Number of protein chains: 2
Amino acid sequence: MTKPPTIKDIARQLNISVSTVSRAIRNASDVNKETKKAVISLVEELNYQPNQLALSLRNKQTHTIGVIVPNLDYVLSMMVRGIDEVALEAGYTVMICQSNESFGREILNTRRLLESLVDGFIISVSAETKNFDHIKKIQEKEIPMVVFDRVTPHLKAPSVRIDNEDGGFQATEHLIEQGYKRIAILAGPKNLDISNKRMDGYLAALKKHGIKVDQNLIMHCDFNQDYAFFATQELLVMKKRPDAIFTISDRMAIGAMLAIKKKGLNMPEDIGLVGFNDEPILSLVSPTISSVEQPSFELGKITAKLFIESMHDNEDMSHVEKILKPKLYIRESSQRLLKK
Amino acid sequence: MTKPPTIKDIARQLNISVSTVSRAIRNASDVNKETKKAVISLVEELNYQPNQLALSLRNKQTHTIGVIVPNLDYVLSMMVRGIDEVALEAGYTVMICQSNESFGREILNTRRLLESLVDGFIISVSAETKNFDHIKKIQEKEIPMVVFDRVTPHLKAPSVRIDNEDGGFQATEHLIEQGYKRIAILAGPKNLDISNKRMDGYLAALKKHGIKVDQNLIMHCDFNQDYAFFATQELLVMKKRPDAIFTISDRMAIGAMLAIKKKGLNMPEDIGLVGFNDEPILSLVSPTISSVEQPSFELGKITAKLFIESMHDNEDMSHVEKILKPKLYIRESSQRLLKK
DNA sequence: AACGGTACCGGTAACGTTGCCGGTTTTCCC
DNA sequence: GGGAAAACCGGCAACGTTACCGGTACCGTT
């Protein structure tokens, strides 16, 4: 009820004009030392805080970044922390919205954030998203935007991601080197670039080592433990079943592991397994599961930095692409040869 | 660069006044049908969106809720999803800030959100926070606030949480029923009510069953896997070592598990273990670990609902306390008697 | 013909802030 | 001691919106 003091209150109490108060608080030029001192002391006494709404209205910027993520699982919440870290430092506040992998929700989120007049967007698209009109609408308004993690070729925007192809390649080549011959892949939804790229890496590794691709060993399913479980069961009842599985996420690796165990097969002897993300859980299960790590926190920080750059520079940065290297961590689930 | 159209543009194009346009868009009263139709059609053509900043400035509300959480681990991110769900439905946008369990960061977050002129706060305090002045400052400004999950008696505010004491009690009594005699507890920081309450439940269960409390079996450490690991190691080298451990979080349970395994002890035979939170990981490790589940998503939803209520009702709700029941899930780590 | 009511519309002020411009006072210099 | 520059300050408009008030035109009633 006791309304916060405004610049006007200060002006009135000191019998000076609002303009002078305004100047005293900011520029410090064109204002007498005594006056300034008086203003500042009154500011402190009343605990005056400038009304950001009024400032935003006037300056047409809110110092707020809208962040849209499909979920807040381990990897993304690390990335968000990285974004948060840098944004806060730079004086921005972050609005985080989860699309819950839903296309409709993602549209709603963008609309809401647009209404909130955020200064820009940092986006990782949902798995369901095939149509990017809502995001292009942002670009048409010439609102700065950076996409991260889940990037897509359909969007011409500065982006930050890991080298997914390399990750898939590392994982697959490692399995090959361990002597696995029939390597299956549990890929994600076909429209997700992140999934396709990891599969490209898988294919490239096979090709490099002269292994023929068997379409039956390529399964697509949702980023989801249960789906992965069922998909793996299907794989394991094939007459020529795979002797290794590369899953493009750890959740899926867990699902695969459960199916493998249920079937009574042993890792790494009967079947090898490599996941993607390197969630901490992987070193806790038995056997421990190999996985491709991505530097999530770092990636978040880089994303925010790129965003802030693209805010300030006003040249076109839509071609900028930052790509971080993933790293394979080898654990029990895929190591059937002794270390050299 | 093409600035978004304002009510003024519409007025000018239609040769009517801004007032009329404003009315046409909202009330619909006091405006001719034809005029209204013309306005609405132009609104659609220009894709006019009211400027929320101007609205907020005028109406003194931003339709934004500030949410401060200590982290975004499994439980909290579920809760946040619940909050998000309900808030979005009710037309609010949510600003999520992580304090990273840091007191300083929490203060910074509250300040930032206060500056952003959020309509209210939903807070779960950091583990470091012992001084609540920054939060009381919010209350002094009579800004609506609900605390959840990590509530504290130092704050008189509407709150939503689970019955932590009951959770601690269930876990401990279960261990007692399984025949464990020397039950240790890995508690969290002493200033965290959530920790103390779970410990109260632990003590109550011991008392009920006539077991004397051994202060050596009560350890305090950070909510952290590593600390729990070391604390457990200490416990296990005592001459009269405990035969069961109750940890007040699952992260700590994992730490304890690792220490137990390293020491070569078996669960549940040599030592029993029960955690708290029921993270999915617990059914994946070996042995599977018992834990007290809390209905996180539901709790988030209830929190947001309570917040919205307390927004609209303007009577004092600081005494309102919603308490949800936790539920113990028994798994291998603590079940050494056969099921009856 | 005079009056009251209704339907419709426009102008103004206000939310809190700052940039710009113009004005007054002080200071300084020759 | 006169003029110019510097120091200092206030008024106005504007950002986009709406609440409030006042005004006009038209209708029907007596």
Side-chain angles (χ1 to χ4, degrees), chain A residues 1-40 42-43 46-64 91 114-119 141 143, chain B residues 1-40 42-43 46-64 91 114-119 141 143:
Chain A
M1 57 152 293
T2 49
K3 280 190 289 185
T6 76
I7 219 170
K8 250 183 223 168
D9 299 322
I10 297 181
R12 191 163 28 227
Q13 286 195 39
L14 257 39
N15 259 322
I16 55 180
S17 78
V18 287
S19 320
T20 307
V21 177
S22 173
R23 256 167 304 172
I25 294 173
R26 296 163 302 110
N27 281 346
S29 89
D30 259 23
V31 44
N32 185 298
K33 255 186 260 169
E34 294 304 315
T35 322
K36 190 168 141 195
K37 217 159 65 184
V39 169
I40 290 181
L42 191 54
V43 159
L46 297 182
N47 191 24
Y48 162 83
Q49 317 257 150
N51 184 312
Q52 293 299 325
L53 238 35
L55 283 177
S56 296
L57 178 60
R58 193 165 206 294
N59 303 332
K60 296 185 179 306
Q61 51 172 321
T62 52
H63 283 278
T64 304
L114 232 27
E115 278 174 8
S116 298
L117 299 174
V118 294
D119 288 346
K141 293 185 201 277
I143 297 175
Chain B
M1 57 151 292
T2 49
K3 280 190 290 184
T6 75
I7 217 170
K8 251 183 223 169
D9 299 322
I10 297 181
R12 191 164 28 231
Q13 285 196 39
L14 258 38
N15 260 322
I16 54 179
S17 78
V18 287
S19 320
T20 305
V21 177
S22 172
R23 257 167 304 172
I25 294 172
R26 296 163 302 110
N27 281 345
S29 88
D30 262 21
V31 43
N32 184 299
K33 257 186 259 170
E34 295 303 316
T35 322
K36 190 168 140 192
K37 217 159 64 185
V39 169
I40 289 180
L42 191 54
V43 158
L46 298 182
N47 191 25
Y48 163 81
Q49 317 257 149
N51 183 313
Q52 293 299 325
L53 237 34
L55 283 178
S56 296
L57 179 60
R58 198 167 202 292
N59 303 333
K60 295 185 181 305
Q61 50 171 321
T62 53
H63 284 278
T64 304
L114 232 25
E115 278 174 8
S116 298
L117 299 174
V118 295
D119 288 346
K141 293 184 200 278
I143 297 175

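Everything quoted here is computed from the prediction, not taken from an experiment. We name chains A, B, ... by the order of the sequence lines, and we start the count at 1 in each one. Only this structure's heavy atoms are used, side chains among them; waters, hydrogens and symmetry mates stay out.
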Which nucleotide sits closest to the side chain of A/T20: D/dA13, C/dC9, D/dG10? D/dG10

When you measure from the side chain of A/S19, which nucleotide among C/dG19, C/dC15, D/dT18 comes out closest? C/dG19

With nearest nucleotide decided by heavy atoms, which residue, A/V18 or B/V21, maps closer to the 5′ end of DNA chain C? B/V21

Counting any heavy atom closer than 4.0 Å, what does A/R26 reach on the DNA or RNA strands: base, sugar-phosphate only, or nothing? sugar-phosphate

For B/N51, which contact category applies under a 4.0 Å heavy-atom criterion: base, sugar-phosphate, or nothing? sugar-phosphate

For B/N59 and C/dA14, what is the distance between atoms CG and P respectively, to the nearest whole Å? 17 Å

Where B/Q13 and B/L46 come nearest, the two heavy atoms and their spacing: NE2-CD1, 3.8 Å

Between D/dT18 (C1') and B/Q52 (CD): distance, integer Å: 13 Å

Is the shortest side-chain heavy-atom distance between B/V43 and B/V39 below 4.5 Å? yes

Nearest-Å distance for atom pair NZ/P, residues A/K8 and D/dG11: 13 Å

At 4.0 Å (heavy atoms only), tell me whether B/L55 reaches a base, stays on the sugar-phosphate, or touches nothing. sugar-phosphate

Please state how far atom CG in A/L57 lies from atom C1' in C/dA14, giving the value in whole angstrom units. 13 Å

Which nucleotide sits closest to the side chain of B/P50: C/dC9, D/dA14, D/dT17? D/dT17

Heavy atoms only: give me the nearest B/D30-B/R23 pair and the separation to one decimal. O-NH1, 3.8 Å

Within the structure provided, determine whether B/L114 and A/Q49 are in side-chain contact (heavy-atom separation under 4.5 Å). no

Spacing between B/D9 atom CG and D/dC15 atom C1', to the nearest angstrom: 13 Å

Kindly point out which of D/dT17, C/dG16, C/dT17 is positioned nearest to the side chain of B/I7? D/dT17

Donor-acceptor pair (no angle test) under 3.5 Å: A/R58 side chain, D/dG16 base: no

Among D/dA19, D/dC9, D/dC15, which nucleotide has an atom closest to any side-chain atom of A/D30? D/dC9

Checking C/dC9, C/dG16, C/dT18 against the side chain of B/T35 (C-beta onward), the nearest is C/dC9

Could you work out which one of C/dG16, D/dC9, D/dG16 sits closest to the side chain of A/A54? C/dG16

Closest non-hydrogen contact found for B/D9 with B/R12 is OD1-NH2, 2.7 Å

Within this structure, what is the CZ-to-P distance between B/R12 and D/dG16, rounded to whole angstrom? 10 Å

When the nearest nucleotide of DNA chain C is assigned to B/N32 and to A/T6 on a heavy-atom basis, which residue is associated with the more 5' position? B/N32

Taking the side chain from B/S56 and the backbone from B/Q52, do they hold a donor-acceptor pair closer than 3.5 Å? yes

Can you tell me if B/S22 touches the phosphate of D/dT18, counting only side-chain N or O atoms and a distance under 4.0 Å to OP1 or OP2? yes

Among the candidates C/dG11, D/dC15, D/dG10, find the nucleotide nearest to the side-chain atoms of B/S17. C/dG11

Tell me whether the OP1 or OP2 atom of C/dC15 has a side-chain N or O from A/K3 closer than 4.0 Å. no

Heavy atoms under 4.0 Å, any strand shown: does A/I16 hit a base, just sugar-phosphate, or nothing? sugar-phosphate

Take the protein atom CG of B/N15 and the nucleotide atom C1' of C/dC9, then report the distance between them rounded to whole Å. 13 Å

For A/K36 and D/dC8, give me the distance from atom NZ to atom P, rounded to whole Å. 10 Å

